[in-house]
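Just below is one structure, and these are the notes that go with it.
Values below: every heavy atom of this structure, side chains too, minus hydrogens, waters and symmetry copies. Just follow the structure's listing: the first ligand is 1, and inside any ligand the first atom is 1.
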Amino acid sequence: MRLTSNPLEAAVALLDGHLAALPTETVYGLGARADQASAIARVYAVKGRPADHPLIVHVSGIEALDVWGQGLPIYAHTLAEMSWPGPLTLVVNRTPAALDFITGGQDSVAVRVSAHPLTAAVLSHLVELTGNPSIGIAAPSANRFGRVSPTSAKHVIEEFTGLMSDDDVVLDGGECSVGLESTIIDCTGNHPKLLRPGAITADDVTRITGLPCPSGSTVRASGTLASHYSPAASVRLISAADLPHLAGESSNGPRATIGLLATATIATPAGIVRLAAPETSDEYARVLYSALREADALGLQTVLAIAPHEAGVGAAIIDRLTRAAHGE
Ligand code: TXA
Ligand code: MG
C-alpha cells in the first residue's frame with residue numbers, strides 16, 4: 001500500500017479499481033468504487049467481513065441522495081440539508097444504482113456525505129474524472145471485522161499491512177475530529193429511527209425534523225451486533241464508585257496489566273495504567289479508539305472504563321464501550 005496526502009492519487013487508485021483508505025471526520029473508511037463488484041469484493045476480503053453486511057455509500061453532495069434513494073420522506077431531505085456534510089448516515093429505500101453487493105441484498109441503502117476536506121476532494125476528483133455527479137465510494141470503517149475502528153492513518157496501516165496490495169492507497173488526513181462512527185438513521189418509515197448512535201443524537205434528529213426518533217429497526221446493521229468494537233484486552237464498563245475496590249483487587253495480581261479510561265476528574269489508582277483522561281465527552285469520543293489500541297500495544301489484559309455523562313456524544317460512547325465489553 002502507498003501512504004499519501006494527495007487526494008488525486010486516491011481518486012485515481014479508486015478509478016482504477018483499487019482500494020483507498022480515506023479519512024472522514026468520524027473514523028477512517030476502506031473505500032472502493034460503489035459500482036465495481038470486484039473492488040467491493042476486495043473490501044469484504046480485506047476486512048474479513050461477512051458479505052451480507054451492507055456498506056455505506058459516500059457521495060459528494062446532497063444531490064446524489066435521490067440518485068441512490070427513492071421515495072424519500074420529507075424528513076430525510078431535511079436531515080440531509082441540515083446535517084451534511086457531517087457525521088450522519090441515512091438509510092433510504094434504494095434505486096437500481098445501489099447494487100446487491102453494496103446493500104447485502106436489502107431494499108435499502110446507506111448514504112453519507114463526509115465533511116473531511118480530503119475525502120470531499122477525492123469525491124470531487126472522481127466526479128470530474130468520470131463525469132458522474134452522483135458517483136459513490138463504498139467505505140466501511142477501515143478495520144478488521146469486529147475490531148476497533150481506526151482514527152488515524154497509522155491505525156489503518158496497523159490493521160491492513162500485508163492485506164492491502166501495492167496499488168492500494170492510504171490517504172493521510174490526520175486524526176479524526178469526532179472519533180466515533182457516524183450516527184445512522186433509518187429513513188424508510190414514516191418517522192426516523194436511530195440505528196447507531198453517534199455525534200448527532202436522537203434529540204438532534206427530533207429537533208431538526210420535529211419527529212420522534214426511537215431506537216431500533218429490523219434492518220441489519222453489523223455495528224449494532226452485541227459484540228463489536230473490541231480490542232484484545234477485555235473491557236469492563238464500571239462505575240466510579242467501583243474503581244477503588246477493583247483497583248485494590250488488582251493489587252494482589254500484576255497491576256501493570258490493568259488500564260483505566262475515565263474523564264480527567266477521576267484520579268488514577270496507584271499501579272494502574274492511565275490510558276486517557278479526557279476533559280469533555282467530545283474529547284472522550286476523539287481519544288476512545290486510540291486508547292483501546294494503546295491498551296493492546298501495551299499488552300494490558302483489562303481496561304476499566306468509566307463512561308462519561310450520557311448527554312450529547314456520551315450516549316454513543318456508552319454504546320461502543322458496552323459492545324467492546326461484550327467482546328471478551
Ligand atoms: O462513520 C462511519 O459511518 C464510517 C465512515 C468510514 O463513514 N463507516 C462505517 O461503516 O462505520 P461500517 O461499515 O463499519 O458501518 C456501517 C454500518 C454497518 O453496521 C452496516 O450494517 C450499516 O451501517 N448499514 C449499511 N447499510 C445499511 C442498510 N441498508 N440498512 C441498515 N444498516 C446499514
Ligand atoms: Mg465498522
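With a 4.0 Å cut-off on non-hydrogen atoms, Leu55 touches ligand 1 through its backbone and not its side chain. Counting heavy atoms closer than 4.0 Å to ligand 1, residue Ile184 contributes side-chain atoms (C-beta onward) but none from N, CA, C or O.
Against a heavy-atom cut-off of under 4.0 Å, Ile56 is close to the following atoms of ligand 1: 3 (O), 8 (N), 9 (C), 10 (O), 16 (C). Near Ser108, meaning under 4.0 Å from one of its heavy atoms, ligand 1 places the atoms 28 (C), 29 (N), 30 (N). Every atom of ligand 1 is numbered from 1 in the order shown, and the set under 4.0 Å from a heavy atom of Gly29 is 6 (C). Listed by number with element, the atoms of ligand 1 under 4.0 Å from a non-hydrogen atom of Val27 are 4 (C), 6 (C). Heavy-atom contacts of His58 reach the following atoms of ligand 1: 5 (C), 6 (C), 7 (O) (cutoff under 4.0 Å).
Using a 4.0 Å heavy-atom cutoff, His53 is absent from the residues neighbouring ligand 1. Thr103 does not count as a contact of ligand 1, since none of its heavy atoms falls under 4.0 Å from the ligand.
Electrostatic pairing of Asp319 and Arg323 counts as a salt bridge here, judged by a charged N lying under 4.0 Å from a carboxylate O. With respect to Asp204 and Arg207, a salt bridge is recorded, a charged nitrogen being found less than 4.0 Å from a carboxylate O.
Side-chain contact, Ser290 with Thr151: no donor N or O sits under 3.5 Å from an acceptor N or O. If you check the side chains of Ser234 and Gln301, you find no donor sitting under 3.5 Å from an acceptor. At a cut-off of 3.5 Å, with distance as the only test, a side-chain donor of Thr24 or Arg112 sits close to an acceptor on the other residue. Inspection of the Arg320 and Ser149 side chains reveals no N or O donor paired with an N or O acceptor under 3.5 Å. Judged by distance alone, the side chains of His155 and Asn143 never bring a donor and an acceptor atom under 3.5 Å apart.
Distances between N or O atoms of Lys47 and those of ligand 1 include no value under 3.5 Å. Backbone and side-chain nitrogen or oxygen atoms of Arg49 are examined, and one is located within less than 3.5 angstrom of a nitrogen or oxygen of ligand 1. Taking only nitrogen or oxygen atoms, main chain and side chain alike, Ser182 reaches within less than 3.5 Å of ligand 1. Annotation: Arg112 places an N or O atom under 3.5 Å from an N or O atom of ligand 1; distance criterion only.
Distances from atom 9 (C) of ligand 1 to the heavy atoms of Ser114, Ala110, Ser141 put Ser141 nearest.
Put simply, Ser149 stays out of reach of the Mg ion (ligand 2), with no N, O or S atom under 2.8 Å from it.
Every pair passing side-chain hydrogen bond (donor to acceptor under 3.5 Å, both in side chains) that includes a residue from residues 6-21 is listed here, sequence neighbours excluded: Arg2-Glu9, Thr4-Glu9.
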Can Arg147 and Glu159 be said to form a salt bridge (Lys or Arg N to Asp or Glu O under 4.0 Å), step by step? CA-CA 9 Å; Arg147 311 307 295 189; Glu159 288 285 324; over 6 Å; no
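The only member of Thr188, Leu65, Leu90, Asn93 that meets side chain to side chain contact (heavy atoms under 4.5 Å, CB included) when paired with Leu72 is Leu65.
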